[in-house]
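What follows is a set of notes on a single structure, which appears directly below.
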2 protein chains.
Amino acid sequence: MARPPLTRDEVLAAAAALVKEHGPQALTMRGLAAELGTAVTSIYWHVGNRESLLDALVERTVADLGEIRPRGATPQERVVSVARTLRRQLRDRPHLVAMVHERGLTERMFLPAQQALVHEVHAAGLRGTRAAEAVRAVQFQVVGHVLVERNRERAPVQRPGEEDLWGAPDTAAEDDRALARALAAPVDPERLFTTSVRALVNSLLASGT
Amino acid sequence: MARPPLTRDEVLAAAAALVKEHGPQALTMRGLAAELGTAVTSIYWHVGNRESLLDALVERTVADLGEIRPRGATPQERVVSVARTLRRQLRDRPHLVAMVHERGLTERMFLPAQQALVHEVHAAGLRGTRAAEAVRAVQFQVVGHVLVERNRERAPVQRPGEEDLWGAPDTAAEDDRALARALAAPVDPERLFTTSVRALVNSLLASGT
DNA sequence: ACCTGAACACCGTTCAAGT
DNA sequence: ACCTGAACACCGTTCAAGT
């Protein structure tokens with residue numbers, strides 16, 4: 001009744017499944033061993049230790065991140081489309097993105113998108129330092145937005161929430177009920193993301209033409 | 001030789017010191033007890049458990065976050081100054097910001113800044129939904145940037161780094177050596193931050209005048 | 001080359017018992 | 001009201017011993 005010999009790939013696959021479903025804190029060496037039907041110590045032979053297991057996981061999924069195909073008529077539109085695609089890719093793998101982030105591989109993960117951005121910014125007429133700054137501004141903007149967004153989802157109930165904070169009178173917005181109401185309403189992240197990126201991109205690319 | 005009776009404040013202070021110095025993972029109940037010269041279980045009497053201890057710590061430091069005084073002649077400048085002040089405040093407490101973030105209290109922490117932003121955006125002529133969107137765009141931008149920045153600092157050595165990635169020929173930037181060089185150079189986060197915020201703010205506030 | 005159980009040094013938390 | 005040690009159920013990791 002002995003199981004077939006354990007392989008490194010098998011370990012990685014099981015670990016990836018655990019992380020994808022329940023997050024990295026759910027990946028314990030003992031739990032993983034139970035999942036695989038082996039002794040805990042066998043895992044150590046194949047992957048070294050927990051730390052390098054996570055490293056391998058992150059490595060593997062960074063490599064999995066797909067190509068980015070810019071869409072749209074103008075460089076502005078294409079940059080925005082790259083940003084939106086990237087946001088979607090990151091949002092699809094919340095736990096893994098967090099792990100990539102923690103391990104400082106955000107840079108690497110972002111490379112395909114960065115190359116696309118370089119191309120578009122160049123097409124918009126930006127050169128040299130200015131172009132590099134525009135690319136990085138967009139890069140920081142997208143990654144930052146996704147991080148903030150994830151945080152909001154993980155902590156859906158704020159105490160007190162913006163509703164309470166802005167529902168009360170005697171605030172700076174008291175003479176603008178529409179503003180107060182808008183701030184009390186929940187954020188629409190998709191919309192806010194697009195608005196922000198568009199605003200940033202319009203401003204950054206304006207200096208190229 | 002008995003120590004004076006333990007107080008909740010004493011526990012919080014010692015815990016805060018540990019976290020500030022070495023991060024939350026360095027805060028173990030046993031280590032804290034050793035620091036305080038009591039039994040581990042005494043701590044439980046005062047703060048419940050580790051989770052609510054961290055909650056209390058976060059609560060306390062969110063309350064500590066100071067006022068924000070906008071500076072500058074135009075609303076644009078004042079919004080940028082708010083953003084820069086906020087960035088500095090967040091950067092001064094890296095571990096605690098991360099904890100606030102993890103606990104989903106980013107909203108609350110951001111409130112003083114948000115009120116200042118509302119005031120400035122209003123002064124710039126924005127109203128209602130539009131004003132709210134501008135405020136939130138800046139908010140997300142700042143918090144996101146700080147998060148990305150922190151990540152970069154924690155993982156100073158990227159493998160491979162952007163230098164290697166952009167130093168090689170045959171990239172999209174191969175006809176623009178200045179661009180390739182700029183992307184291979186390390187990021188100046190302060191400068192990038194100011195550039196980005198300025199670009200975003202200019203674009204957002206333009207529609208108000 | 002690959003797997004194993006025992007053991008070590010850690011965790012957070014509970015609880016009955018003290019004063 | 002406050003403190004204590006013992007105990008429980010977890011961790012990750014090492015290592016000598018097996019095949």
Side-chain angles (χ1 to χ4, degrees), chain A residues 1-60 95-96 98-100 102-104 154-155, chain B residues 1-60 95-96 98-100 102-104 154-155:
Chain A
M1 247 347 31
R3 66 183 311 297
L6 195 61
T7 67
R8 183 184 155 86
D9 273 0
E10 206 179 340
V11 174
L12 290 183
L18 272 175
V19 169
K20 213 164 188 180
E21 194 103 21
H22 304 105
Q25 95 290 347
L27 174 60
T28 69
M29 301 304 266
R30 285 173 153 91
L32 184 56
E35 195 84 14
L36 289 164
T38 37
V40 207
T41 42
S42 302
I43 297 174
Y44 281 85
W45 197 90
H46 286 284
V47 298
N49 55 23
R50 187 173 186 273
E51 201 58 15
S52 46
L53 170 56
L54 291 178
D55 281 344
L57 239 53
V58 162
E59 200 66 33
R60 163 175 290 214
H95 292 312
L96 285 164
M99 282 172 57
V100 171
E102 273 159 27
R103 268 135 221 288
R154 260 188 310 175
Chain B
M1 249 339 43
R3 67 182 311 295
L6 195 61
T7 67
R8 182 183 156 88
D9 273 2
E10 206 179 340
V11 174
L12 290 183
L18 272 175
V19 169
K20 213 163 190 180
E21 195 100 22
H22 304 105
Q25 94 290 349
L27 174 60
T28 70
M29 301 303 267
R30 286 174 153 90
L32 185 55
E35 196 83 14
L36 289 164
T38 38
V40 205
T41 41
S42 301
I43 298 174
Y44 281 85
W45 198 91
H46 285 284
V47 298
N49 56 22
R50 187 173 186 273
E51 201 59 13
S52 47
L53 170 57
L54 291 179
D55 281 344
L57 239 54
V58 163
E59 200 67 32
R60 164 176 288 214
H95 292 310
L96 285 163
M99 282 173 57
V100 170
E102 272 159 26
R103 268 136 220 285
R154 261 188 308 174

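Just the heavy atoms: all of them, side chains too, but no hydrogens, waters or symmetry mates, feed the values below. Naming convention: chains lettered A, B, ... in sequence-line order (proteins, then strands); numbering from 1 in each chain.
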Donor-acceptor contacts, no H, no angles, side chain residues 23-32 of chain A, under 3.5 Å, sequence neighbours left out:
from    : atom 1 : to      : atom 2 : distance (Å)
A:Gln25 : NE2    : A:His22 : O      : 3.1
A:Thr28 : OG1    : A:Gly31 : N      : 2.9

Side-chain N or O of A:Ser42 closer than 4.0 Å to phosphate OP1/OP2 of C:dT4: yes

Short side-chain N/O contact from B:His46 to OP1 or OP2 of D:dC3, under 4.0 Å: yes

Partners meeting side-chain hydrogen bond (donor to acceptor under 3.5 Å, both in side chains) with A:Glu35 (sequence neighbours left out): none

Any pair counted as salt bridge (charged side-chain N to carboxylate O under 4.0 Å, His left out), so long as it reaches residues 10-24 of chain A, sequence neighbours left out: A:Arg3-A:Glu10

Could you pull out all donor-acceptor pairs under 3.5 Å where a side-chain atom in residues 37-45 of chain B meets a protein atom, sequence neighbours excluded?
none

Under the 3.5 Å Watson-Crick or G-U criterion, the dot-bracket string of DNA chain D, with | for inter-strand pairs: ||.|||||...|||||.||

Whole-Å distance separating the CD1 atom of A:Ile43 from the C1' atom of D:dC11: 14 Å

Which residues share a salt bridge (Lys or Arg N to Asp or Glu O under 4.0 Å) with B:Arg8, sequence neighbours left out: none

Contacts of B:Glu51 that satisfy salt bridge (Lys or Arg N to Asp or Glu O under 4.0 Å) - sequence neighbours left out: B:Arg103

A:Ser52-A:Asn49 side chain donor-acceptor pair, cut-off 3.5 Å: yes

Selection: residues 17-26 of chain A, any non-hydrogen atom under 4.0 Å of DNA chain D: none

Sugar-phosphate or base contact per nucleotide [nucleotides 12-19 of chain C; S, B, -; heavy atom under 4.0 Å]: BBBB----

